[in-house]
Peer 1: 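Just passing along the structure, written as structure tokens.
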Amino acid sequence: MLFRQAGIFHTDYSADRALFPIPADRWMIGSLLLLALAAPLYMNTLYLSSYLLPWLVWTAGALGLNLILGWAGQFHLGYAAVMGIGAYAAVHASRAGIPWEIAIVLAGITAAVIGSVFAFAALRVKGLYLALSTLALQFVMDWTISHVPAISGGTQATLQAPDIRLLGWAVTSDAGLYYVALVWCVLVTSFMLNLRRTALGRALVAVREKDYAAAVIGVNSFYFKLVAFATSSFIGGVTGAILVGTFYHAVTPEQFSVDVSIQALAMVIVGGLGSIIGSYFGAAFILLMPGVMNSFISWAATKFGFSLGIETLAHLPQAFYGALIIGFLLIEPLGLGKIYNNIRDYLLVWPFGYTKK
Amino acid sequence: MTLKDRGGDAPVLECRSVERRFSGIVALNGIDMCIERGEIFGLVGPNGCGKTTLTNAITGFYPPQRGRILLNGRDITGLAPHYVATLGVARTFQNLALFNGMSVLDNILLGRHIHMKPSVGRTALYWWLARGDETLNRAAVEDVIDFLQLEGVRDELVDGIPIGLKKRVELARALAAEPSFLILDEPMAGMNQEEKEYMARFILDARDERNVTVLLIEHHMDVITGICDRMLALNYGEMIGSGVPADVVADPRVVEAYIGGAHATR
């Protein structure tokens with residue numbers, strides 16, 4: 001690492017609880033933000049709008065799921081359904097002429113209301129039983145969306161999403177759409193960072209760790225589980241709306257099917273439960289790795305001159321990708337975020353590895 | 001603030017013929033207990049006699065089927081555990097119930113939960129809505145950390161500290177809530193003599209400096225006789241003796257329950 005922690009002293013409690021108490025960390029985050037802001041200047045539009053943008057939106061989504069899974073410790077196998085609710089709500093609202101900035105808030109609220117009404121029933125059970133009831137949310141939403149023409153626009157239909165207008169300006173350029181995604185991702189990230197140092201975040205962790213001990217210090221576990229479901233559904237709903245508005249530009253039921261729920265779950269678990277930077281890594285891994293693997297195998301096939309059947313070529317990357325996930329989780333069950341932290345902790349005291357962090 | 005100021009003259013805790021059954025088993029039968037303000041009240045009895053069931057009845061985990069429980073004169077029978085906590089009852093557990101994935105500091109901060117207003121809005125707008133409150137509560141927590149001499153392990157994960165300190169952290173979490181009534185379920189289990197003495201001193205100081213009334217469950221008779229003002233002995237869910245410790249531990253029925261009939265007759 002580029003810095004040492006030695007010599008940094010905090011003289012009041014709010015400095016001690018700052019998001020980044022170490023000045024070097026603040027510089028790093030600041031430069032990363034600048035790099036992100038300047039991305040449209042140095043990155044070609046293909047990378048910007050087909051890699052960077054979905055990565056940011058999915059990271060926001062993964063963080064929302066991480067809130068319920070990593071913080072409150074409640075399973076959620078229907079997260080894509082929640083995103084779908086938001087996406088459809090926003091598309092319908094903006095087709096009805098409601099400004100987009102209000103439409104996405106409506107999308108979040110719709111998702112939060114449906115999500116928490118559902119959670120109200122589902123939270124009567126715990127653990128794996130809760131996981132199965134949230135899976136029911138997924139199937140109920142899939143069915144409702146595809147069988148109610150008023151929502152889906154007819155069987156097998158694709159609803160065109162109107163162009164985004166923010167405060168009267170049409171946002172259609174790649175850079176503009178990218179900034180929408182960036183702002184949302186930064187907002188969600190700062191919320192999650194704050195969650196680490198506020199009473200709400202601590203109460204959620206208390207519910208996750210031991211619910212009877214939470215009750216003894218006055219934490220109403222049912223209420224906080226409900227708050228977690230509502231908040232994560234809000235984030236999921238807005239993320240779904242932004243995903244459709246900035247990336248897909250049209251909405252179909254398959255975009256938010258059960259596979260997508262599993263994919264979101266994979267992002268959180270591979271990234272690390274309860275880890276914010278892990279959600280960034282997890283989303284990148286799940287989104288990019290299949291493509292990377294694909295090109296790697298094609299490259300290897302031509303380089304070393306072995307020929308692969310079209311069938312093998314289609315499945316081999318998937319197999320490698322699966323093996324990589326298992327491999328990472330074997331090395332560190334707490335995911336990529338924890339691997340990053342381990343490396344960071346090691347480098348912080350390098351070469352004096354015997355000292356305490 | 002003197003001890004008398006916290007809620008008038010009513011006893012801090014009063015149990016009136018409390019009864020709790022688990023299907024056929026009578027875990028508590030007709031328990032009457034009255035704990036006055038500022039007392040350290042001992043609760044003893046052999047394993048399985050109902051001590052922990054009684055604390056669970058008071059804190060709302062297993063509400064009694066019959067009888068009433070009053071806190072500062074207010075009926076709290078059958079209230080949910082998290083609600084009982086907001087009324088000023090704190091407890092520690094025999095087998096520890098700390099949040100292992102969190103630091104010592106965050107565990108104790110959680111003790112302040114009932115004094116804070118956790119909400120999504122305050123989290124999102126931390127800089128404007130929550131920072132002041134968090135700082136004030138942090139100061140209150142640091143006070144408790146000083147009081148229990150936990151400065152050295154403040155930033156450690158709870159998982160990684162020795163059991164004697166964990167017990168102290170749990171006491172700190174309970175005290176951080178500024179309770180009027182504190183239930184300590186075997187706070188000295190598994191401790192050596194020195195750690196026991198430390199803990200006894202902390203309990204006495206908590207009573208004197210932080211105005212709490214204490215219900216102390218303990219198997220170490222030297223501790224009970226040493227620091228308790230009054231005590232109650234249970235056996236098979238029945239009261240077998242209550243009063244000043246010196247009298248109760250001399251009671252033949254208590255001796256019989258604890259160390260067997262042969263000794264009681266000597």
Side-chain angles (χ1 to χ4, degrees), chain A residues 10 12-19 21 67 70-71 73 108 112 116 187-224 226-235 273-274 334 356-357, chain B residues 56 59-61 80-93 96-102 105-107 109-127 129-139 141-142 155-156 158 170 173-174 176-177 179 183:
Chain A
H10 301 293
D12 60 61
Y13 296 136
S14 53
D16 187 44
R17 285 258 152 169
L19 284 186
L67 169 63
W71 263 264
S116 36
L187 279 179
V188 175
T189 306
S190 75
F191 176 78
M192 299 301 286
L193 285 170
N194 278 337
L195 205 55
R196 281 186 177 165
R197 51 178 183 168
T198 53
L200 177 67
R202 287 192 297 270
L204 291 180
V205 175
V207 169
R208 176 190 77 199
E209 296 250 329
K210 284 191 184 81
D211 48 1
Y212 64 95
V216 134
I217 51 171
V219 177
N220 181 349
S221 354
F222 186 75
Y223 170 78
F224 281 101
L226 211 54
V227 168
F229 262 90
T231 315
S232 107
S233 300
F234 182 88
I235 296 175
L273 289 172
L334 287 172
K356 223 174 86 178
K357 181 176 71 91
Chain B
N56 281 334
T59 48
F61 284 96
H82 65 87
Y83 190 66
V84 173
T86 63
L87 298 176
V89 177
R91 73 175 278 192
T92 66
F93 286 84
L96 290 168
L98 290 166
F99 306 108
N100 288 330
M102 301 173 100
L105 178 64
D106 278 341
N107 265 280
L109 268 168
L110 259 166
R112 300 288 303 168
H113 178 84
I114 57 172
H115 299 285
M116 302 185 79
K117 297 178 219 65
S119 80
V120 175
R122 280 164 173 266
T123 304
L125 303 175
Y126 173 88
W127 300 273
L129 299 180
R131 183 153 57 183
D133 196 36
E134 290 282 339
T135 310
L136 280 179
N137 282 291
R138 170 73 185 271
V141 163
E142 288 295 338
D155 294 321
E156 304 274 328
V158 153
E170 211 184 15
R173 188 179 70 188
I183 304 173

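The structure presented is a predicted model; accordingly, all values stated were derived computationally and were not measured. Chain identifiers are assigned alphabetically (A, B, ...) following the order of the sequence lines, protein sequences preceding nucleic acid strands; residue numbering begins at 1 within each chain.
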Peer 1: Which region of B:N100, side chain (C-beta onward) or backbone (N, CA, C, O), has a non-hydrogen atom less than 4.5 Å from a non-hydrogen atom of chain A, or is it both or neither?
Peer 2: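 It is both, since atoms from each part get that close.
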
Peer 1: So, A:K210 side chain and B:L98 main chain: donor-acceptor pair closer than 3.5 Å or not?
Peer 2: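 Side chain of A:K210 to backbone of B:L98: a pair is present.
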
Peer 1: Looking at CZ of A:R197 and CG of B:L109, how far apart are the two atoms once the value is rounded to the nearest 0.5 Å?
Peer 2: 13.0 Å

Peer 1: Quick one: CH2 on B:W127 to CG on A:L19, what's the gap to the nearest 0.5 Å?
Peer 2: 5.5 Å

Peer 1: Indicate the atoms forming the closest heavy-atom contact of B:H82 with A:V219, along with that distance.
Peer 2: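 Closest approach of B:H82 to A:V219: CB-O, 3.5 Å.
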
Peer 1: So what's closer than 4.5 Å to chain A heavy atoms on B:R91: side chain, backbone, both or neither?
Peer 2: both

Peer 1: May I ask you to name which of A:D16, A:L193, A:V227 has the most heavy-atom pairs under 4.5 Å with chain B?
Peer 2: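 Most heavy-atom pairs under 4.5 Å with chain B: A:D16.
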
Peer 1: Quiz question: by atom type and distance under 3.5 Å, do the side chains of B:T135 and A:S14 form a donor-acceptor pair?
Peer 2: no

Peer 1: Do you know which of B:G132, B:A130, B:A124 has the most heavy-atom pairs with chain A at a distance under 4.5 angstrom?
Peer 2: B:A124

Peer 1: With chain A, which of B:K117, B:R138, B:M116 has the greatest number of heavy-atom pairs at distances under 4.5 Å?
Peer 2: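 With the most close heavy-atom pairs to chain A, the winner is B:R138.
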
Peer 1: For residues B:L105 and A:R17, report the shortest heavy-atom separation together with the two atoms involved.
Peer 2: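 Scanning both residues completely, I find the closest heavy atoms to be CD2-NH2, 3.4 Å.
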
Peer 1: Taking the side chain as everything from C-beta on, heavy atoms only, tell me whether A:I217 gets closer than 4.5 Å to B:F99.
Peer 2: yes

Peer 1: What are the two closest heavy atoms between A:N194 and B:T123, and how far apart are they?
Peer 2: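 For A:N194 versus B:T123, the nearest heavy atoms are ND2-O, 3.0 Å.
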
Peer 1: Can you give me the closest heavy-atom contact between B:V120 and A:F191, atom names plus distance?
Peer 2: O-CE1, 3.7 Å

Peer 1: At a heavy-atom separation under 4.5 Å, does B:A177 approach chain A through its side chain, its backbone, both, or neither?
Peer 2: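 It is neither, since no heavy atom gets under 4.5 Å.
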
Peer 1: Considering all heavy atoms of both residues, which atom of B:A85 and which atom of A:A215 are nearest to each other, and what is their separation?
Peer 2: CB-O, 3.9 Å

Peer 1: May I ask you to name which of A:G218, A:G274, A:A213 has the most heavy-atom pairs under 4.5 Å with chain B?
Peer 2: A:G218

Peer 1: Quick check: A:F224 with B:H113 (ring centres under 6.0 Å apart)?
Peer 2: yes

Peer 1: Would you give the length of the straight line joining atom CG of B:N56 to atom OH of A:Y212, rounded to the nearest 0.5 angstrom?
Peer 2: 10.5 Å

Peer 1: Please rank B:T86, B:L110, B:I114 by heavy-atom pairs under 4.5 Å with chain A and give me the top one.
Peer 2: B:L110

Peer 1: Considering only heavy atoms, which portion of B:R112 lies under 4.5 Å from any heavy atom of chain A: side chain, backbone, both, or neither?
Peer 2: neither

Peer 1: Need one label for B:A139: side chain, backbone, both or neither, based on atoms under 4.5 Å from any heavy atom in chain A.
Peer 2: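 Both parts, backbone and side chain.
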
Peer 1: Any side-chain heavy atom of A:N220 within less than 4.5 Å of one from B:Y83?
Peer 2: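 SC-SC contact between A:N220 and B:Y83 ruled out.
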
Peer 1: Could you state the interatomic distance from CG (B:L129) to OG1 (A:T198), rounded to the nearest 0.5 Å?
Peer 2: 11.5 Å

